[in-house]
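These values consider heavy atoms only, across backbone and side chains, with no hydrogens, waters or symmetry-generated copies. Lettering of chains follows the sequences in order, A, B, ..., and the numbering in each one begins at 1.
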Amino acid sequence: MRVTLKIWRQAGPSAAGSFSTYSVDDVKDEMSFLEVLDVLNERLTEAGEEPVAFDSDCREGICGTCGLMINGQAHGPQRGTATCQLHMRTFKDGDEITVEPWKVASFPIMRDLIVNRAPLDAIVEAGGFISADTGGAPDANLIPIPKPVADAAMDAAACIGCGACVAACPNGAGQLFTSAKLAHLNLLPQGQAQRWDRTERMVETMELFFGSCTNHGECQEACPKEISIDFIALMNRDYVRSKVKNRKLIGQSFP
Amino acid sequence: MVLELDSKSPKGDIKDRWDNHRFDMKLVNPNNKRKFDVLVVGTGLAGAAAAASLAQLGYKVKAFTFHDSPRRAHSIAAQGGINAAKNYKNDGDSIYRLFYDTVKGGDFRARESNVYRLAQVSVNIIDQCVAQGVPFAREYGGLLDNRSFGGAQVSRTFYARGQTGQQLLIGAYHALMEQVSKGTVELYTKTELLDVVVKDGVCCGIVTRDLSTGEVRSFNGHAVLLCTGGYSNAFYLSTNAMNCNVTAAWRAHRKGAAFANPCYTQIHPTCIPASDEFQSKLTLMSESLRNDGRIWVPKGFDDNRPADQIPEGERDYYLERKYPAFGNLVPRDVASRNAKTVVDEGRGVGPLKNGVFLDFSDAINRLGEDVVKERYGNLFDMYERITGENPYKVPMRIYPATHYTMGGLWVDYNLMTTIPGLYALGEANFSDHGANRLGASALMQGLADGYFVAPYTIGDYLSKLLGQPPVPVTDPAFAEAEAGLRDEISMWMNVGGTKSVDHYHRELGKIVWDRIGMARDKNGLEKAIAEIPVLREEFRKNVRVLGTPEGINQSLEKVMRVDDFFELAELMARDALHREESCGGHFRVEHQDEEGEAQRDDENFSYVAAWEWKGRGVPQELNKEPLDFEYVHPAKRSYK
Ligand SMILES: Cc1cc2nc3c(=O)[nH]c(=O)nc-3n(C[C@H](O)[C@H](O)[C@H](O)COP(=O)(O)OP(=O)(O)OC[C@H]3O[C@@H](n4cnc5c(N)ncnc54)[C@H](O)[C@@H]3O)c2cc1C
Ligand code: SF4
Ligand code: FES
């Protein structure tokens, strides 16, 4: 099949960007979407035009490196699928496909389709961990964890940190990502000691970088790991409680 | 000069070696630790674990990754699980058994002391990970679940759905980010190491390029840890992430670090067969699938019937037939070679006849679809997304692909390379897997090195440097390395050729796969040694890197990595040619018995081949570290 790609090109962080249109033929059903971009890039290089910069690594939907807006949808049309796992059998001959980077203020465009997602790491840095220095851990089977609890934590921990939830949100909110990171740790017995402190820090760091959530639910639709917005409800509950609990913990020394 | 390869392996009863060694090593007093700068390059399992643990101890750590976040390292893609000798299943596992299985699985080409230590600390790894909140799979009673894996008869593999690597890496990444928040680790993302700096024979720092701005910069430290992963992408098509490369290890090699056993590469038996020439990488289906899936091909040649129309009697479950004791769970090399044999015979399945079936219908009948879904759901989904076929209904098609590299930088028992002050951890070193790695043991080794080995052994080295400031980055050694890198970059920018970097990478990969792949022979290896330099010459004259060295330039990033792959590939061929035996992942067609099983030659090849750089265009020199087996006596590996 033959497809036409309308791709966002931008030479650098402060350069102006615009769309360029390319057509690629000999596209096969079995090819992945990124393989079409690979083919395009080889042709561009041979023709003396700079290849399109885009990020990917594992190409298995697990590292979270890839991420494109395809026809206006984060990670493209297929549910529960990262860009790198999207295959051309989803498209048909003659399709025109628009390809853009994540376009949200909190992820500045670095070049073409590559953005800077450092704020996601900043949220984790704020408290997204369980403090357990190497060496002091008790036997792993000392604390039995009910299977449903472990499973729910794992559902949240499946987040790949791609940022599609932010890109899909009309407000550019970071709630789905942050709530998934929080739920992973807050649901587990090991995570209880720092639960309230963690929640307060991560939520407030999120608010520094991202827009606010008005319950559109677009994030869940776009998420390649189908992370549930129920985790946002859990985060909101924990955040309210954290305000009270944290004050109590420090002997109400706050005004 | 011939290298002195002192393994520093402790003497005495193997059970006490690590304990005694830890006691004998010098310590750095807690107040002095902050006087030492340690550079950790790579933030996958090995690197993130090491950086976090060293920072917890009080060292001043800088961590580097070319990824935009530590959480993206290739470790994230590991699916199946991590081994540990916990014996939670009461099925007869022990540290000694894990040690034994690993030495045997490695086909008697690993150092016993290292492997024993790995088995010992495996139990601590699981404790550590659970404490960090890694959501391992659990049973209904709330205790940890285990599964079995290739090359073992006990269930000792811990897993987190099909995403074990992801969860372990997130655990290590969290620990790392905690230290970043405390200011004890300075994290440099999108920063690629492109040279190792050595002064007076001692490693004193690194030179990097910032992948966002193109800035070339030096960093100094008392010790440098390379935790930069494996080199499977020398094959172009492999299960590794697109950006995995050998550059860090290779550039250390060029500065004097010996490269060990480059020909020990592992072909994984359960990958999705390639579908066309544009294929950019191959996808692994976790080996854990072999627990419940049965591997077969039609008995007849060129059988074009769909699987469900081939009656039981006309199917050849060749692994169960040839290896009744281990059946579908034989080690990877055995499973891979047997798949190649049946496909080469013309009994392959699928549109390109390049696969074998992995069939779950028995498991679904026995356990029910729900249980199968619980165990492998995400793998089945992944398979369906790629192939458009539903594995609950039709058997999967699988074929071997390059997956892991046992070879790597030579290190002693302390994980130090032949350059003092330069360490290698994780897949980047050659240490624990001999000629073949057992499933679920790479994650174990990466975390063992990072959490439990390097933090001790580095202290011993640093203790001797107390009072010495690091070599300043203004030293001529740094200036020279930086100038060398700038020259290299401008050389690539000015080749002015016509073909893309990927084109040459693909061509190189074809040679490596055809001649240094699953089965090797003298003729093919000699051809590879002749062909690779010719292709490399053409590459250096005719590759095209557009754009500028400032800012993001992905072709420039790739061109340097591929150039290093060329040199490595040639060494892989030389190593494979010199090793006149078959062992583990290295199968020489000339050395097999009547039944096609690998034939080792312990008398002549029971050593580690450590190659020493002699300069551009000059073949490396071979150094040998003899291997002694005091505990597990070399025997023919039999899985029958
Ligand atoms: C698909 C797949 C599935 C697997 N499944 C399993 C499994 O189930 N069980 C198991 O035990 N093993 C498994 N393995 C193997 C295992 O995942 C790897 O061997 C292991 O994760 C390697 O970890 P590492 O820390 O050594 O390196 P990596 O995780 O590869 O990390 C390398 C790091 O180095 C950085 N880096 C590299 N070069 C440079 C440079 N020049 N400058 C700066 N930074 C650099 C990268 O950015 C990255 O942070 C699997 C491998 C694959 C491919
Ligand atoms: S919640 Fe989903 S969309 Fe958001 S970062 Fe995680 S995986 Fe990506
Ligand atoms: S490239 Fe890793 S998730 Fe897409």
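In this structure the side chain of B:His174 reaches within 4.5 angstrom of the side chain of A:Leu185, judged on heavy atoms. Residues B:Gln132 and A:Gln190 form no side-chain contact, since every pair of their non-hydrogen atoms from C-beta on lies 4.5 Å or further apart. Side-chain contact check for B:Gln163 versus A:Met154: some heavy-atom pair is nearer than 4.5 Å. Considering only heavy atoms from C-beta on, A:Leu44 stays 4.5 Å or farther from B:Ser500 through its side chain. The side-chain heavy atoms of A:Thr45 and B:Lys499, taken from C-beta on, include no pair separated by under 4.5 Å. B:Asp68 places none of its side-chain heavy atoms less than 4.5 Å from the side chain of A:Asn116. Using a 4.5 Å heavy-atom cutoff, the side chains of B:Ser181 and A:Phe129 are in contact.
A side-chain donor-acceptor contact under 3.5 Å links B:Asp127 to the backbone of A:Ala140. Checking side-chain atoms of B:Arg72 against main-chain N and O of A:Cys58 turns up no donor-acceptor pair under 3.5 Å. Side-chain atoms of B:Asn243 come within 3.5 Å of backbone N or O of A:Ser56 as a donor-acceptor pair.
Interface residue A:Asp155: backbone and side-chain heavy atoms are both found under 4.5 Å from chain B. Within the 4.5 angstrom heavy-atom criterion, only backbone atoms of A:Glu49 (N, CA, C, O) approach chain B. When heavy atoms are compared at a cutoff of 4.5 Å, B:Gln554 approaches chain A solely by way of its side chain, counted from C-beta outward. Residue contact with chain A, scored on non-hydrogen atoms closer than 4.5 Å, involves the backbone of B:Thr387 exclusively. For a residue to count as touching a neighbouring chain, one of its non-hydrogen atoms must lie under 4.5 Å from one of that chain's; by this rule A:Ala158 touches chain B with backbone and side chain alike. Looking at A:Gln85, the atoms closer than 4.5 Å to chain B (heavy atoms on both sides) sit in the backbone and in the side chain alike. Heavy-atom distances place the backbone of B:Glu139, and not its side chain, under 4.5 Å from chain A. For chain A, the nearby part of B:Tyr88 is the side chain; its heavy atoms alone come within less than 4.5 Å. Only the side chain of A:Asp38 comes within less than 4.5 Å of a heavy atom in chain B; its backbone stays farther off. Contacts of B:Leu282 with chain A are made by backbone atoms alone, with heavy-atom separations under 4.5 Å and no side-chain atom involved. Looking at A:Val52, the atoms closer than 4.5 Å to chain B (heavy atoms on both sides) all sit in the backbone: N, CA, C or O. Heavy atoms of B:Asn124 lying under 4.5 Å from chain A are absent altogether. Of the atoms belonging to B:Ile552, heavy atoms from both backbone and side chain fall under 4.5 Å from chain A. Contacts between A:Ile145 and chain B at a heavy-atom distance below 4.5 Å involve backbone atoms as well as side-chain atoms. Within the 4.5 angstrom heavy-atom criterion, only side-chain atoms of B:Glu374, from C-beta onward, approach chain A. Contact of B:Lys182 with chain A is not made at all, since no heavy-atom distance falls under 4.5 Å. If you measure heavy-atom distances from B:Glu178 to chain A, the contacts under 4.5 Å come from both the backbone and the side chain. Residue A:Thr90: no heavy atom, backbone or side chain, is found under 4.5 Å from chain B.
Note that the CD1 atom of A:Ile143 and the CG atom of B:Leu143 stand 11.5 Å from one another [nearest 0.5 Å]. Interatomic distance, A:Lys28 NZ to B:Ser275 OG, rounded to the nearest 0.5 Å: 9.0 Å. In this structure, A:Ile160 CD1 and B:Gln166 CD are separated by 8.0 Å, a value rounded to the nearest 0.5 Å. Expressed to the nearest 0.5 Å, how far OG of A:Ser32 lies from CD of B:Gln279 amounts to 8.0 Å. To the nearest 0.5 angstrom, B:Phe278 atom CZ is 12.0 Å from A:Met88 atom CE. The line from CZ of B:Phe136 to CG of A:Asn141 is 11.0 Å long, rounded to the nearest 0.5 Å.
Between the side chains of B:His74 and A:Asp57, not a single donor N or O lies within less than 3.5 Å of an accepting N or O. Side-chain N/O atoms of B:Thr498 and A:Glu46 include no donor and acceptor closer than 3.5 Å. Side-chain contact, B:Ser280 with A:Arg59: a donor N or O sits under 3.5 Å from an acceptor N or O.
Top candidate by heavy-atom pairs under 4.5 Å with chain B, chosen from A:Leu188, A:Asp26, A:Asp121, A:Val149, is A:Asp121. By number of non-hydrogen pairs under 4.5 angstrom with chain A, the leading residue of B:His503, B:Arg138, B:Met177 is B:Arg138. Counting heavy-atom pairs closer than 4.5 Å to chain A, the top-ranked of the candidates B:Phe452, B:Tyr173, B:Phe158 is B:Tyr173. The greatest number of non-hydrogen atom pairs below 4.5 Å with chain A, out of B:Lys86, B:Gln167, B:Gln179, is found for B:Gln167. Interface remark: of the candidates B:Met382, B:His67, B:Glu550, B:Arg71, B:Arg71 forms the most heavy-atom pairs closer than 4.5 Å to chain A. For the set B:Gly551, B:Pro455, B:Gly388, the entry with the most heavy-atom pairs within less than 4.5 Å of chain A is B:Gly388. Counting heavy-atom pairs closer than 4.5 Å to chain A, the top residue among B:Ile386, B:Val501, B:Asp502 is B:Ile386.
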Between A:Glu60 and B:Lys281, is a salt bridge (charged side-chain N to carboxylate O under 4.0 Å, His left out) present by the stated rule, with each step listed? CA-CA 10 Å; A:Glu60 293 186 4; B:Lys281 74 166 294 239; 2.8 Å; yes

What verdict does the side-chain contact (heavy atoms from CB on, under 4.5 Å) test give for A:Glu125 and B:Leu176, after you've listed the backbone C-alpha separation in whole Å, the side-chain angles of each residue and the deciding distance to 0.1 Å? CA-CA 9 Å; A:Glu125 188 186 328; B:Leu176 174 63; over 6 Å; no

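Summarising the local packing, OH of A:Tyr22 is surrounded by more than 12 heavy atoms from other residues, nucleotides or ligands at distances under 6.0 Å.
With respect to the salt-bridge test (charged N to carboxylate O, under 4.0 angstrom), the residues B:Glu389 and A:Arg89 do not qualify. Between A:Lys147 and B:Asp145, none of the side-chain N atoms (NZ, or NE/NH1/NH2) sits under 4.0 Å from a carboxylate O, so this pair counts as no salt bridge. With salt bridges taken as basic N to acidic carboxylate O contacts below 4.0 Å, none links A:Glu42 and B:Arg544. Between A:Asp55 and B:Lys190 a salt bridge is recorded (basic side-chain N to carboxylate O distance below 4.0 Å).
B:Arg385 approaches A:Thr81 most closely through the heavy-atom pair NE-OG1, 3.3 Å. Summarising the geometry of B:Pro135 relative to A:Ala150, their closest heavy-atom pair is CB-O, 4.2 Å, with the distance given to 0.1 Å.
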